[in-house]
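Everything numeric here is computed off the predicted structure, so don't read it as measured data.
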Amino acid sequence: MGIADKAKNAAEEAVGKAKEVVGDVTNDDELKAEGQAEQAKAEVKQTGEDVKDVFKG
C-alpha cells in the first residue's frame with residue numbers, strides 16, 4: 001500500500017503544480033493558491049509515508 005500512496009501523493013503534487021502554473025499564467029491568484037495548497041498537502045502526506053517507511057524498515 002505504501003507504493004500506491006506515494007504514487008497518489010506524487011500525482012496530487014503534480015496536479016497542484018499544474019494549477020499553480022496555470023493560475024500564474026492567467027493571473028488567477030485563487031487558482032495559484034489552490035495549487036500551492038494541494039502541493040503542500042501532498043508533501044505532508046509524503047512525509048507521513050516516509051516516516052512510516054523508517055519505522056517499518
Side-chain angles (χ1 to χ4, degrees):
M1 191 155 110
I3 293 172
D5 289 338
K6 287 181 181 184
K8 195 179 200 182
N9 295 339
E12 186 175 341
E13 189 171 356
V15 169
K17 183 64 177 173
K19 284 184 179 181
E20 180 184 6
V21 169
V22 170
D24 194 31
V25 170
T26 61
N27 291 322
D28 184 340
D29 291 335
E30 191 173 318
L31 184 60
K32 185 176 177 180
E34 183 179 328
Q36 290 171 337
E38 285 184 16
Q39 288 178 77
K41 182 179 171 185
E43 288 173 10
V44 168
K45 287 181 181 178
Q46 187 59 47
T47 300
E49 288 298 317
D50 292 344
V51 170
K52 283 185 201 176
D53 288 346
V54 167
F55 286 105
K56 283 183 182 179

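In this structure a side-chain-to-backbone donor-acceptor pair under 3.5 Å is present from Asn9 to Asp5.
The NZ atom of Lys17 sits 5.5 Å away from the CD atom of Gln39 when rounded to the nearest 0.5 Å. For the atom pair CG of Asp50 and CD of Glu43, the computed distance is 11.0 Å after rounding to the nearest 0.5 Å.
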Apply salt bridge (charged side-chain N to carboxylate O under 4.0 Å, His left out) to the pair Lys6 and Glu49, showing each step before the final yes or no.
CA-CA 7 Å; Lys6 287 181 181 184; Glu49 288 298 317; over 6 Å; no
Check the pair Lys41 / Glu38 against salt bridge (charged side-chain N to carboxylate O under 4.0 Å, His left out), numbers first and verdict last.
CA-CA 5 Å; Lys41 182 179 171 185; Glu38 285 184 16; over 6 Å; no
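Side-chain contact between Lys45 and Glu12 is present, with heavy atoms from C-beta onward closer than 4.5 Å. For the pair Lys32/Thr26, no side-chain contact is recorded, criterion being any heavy-atom separation below 4.5 Å from C-beta on.
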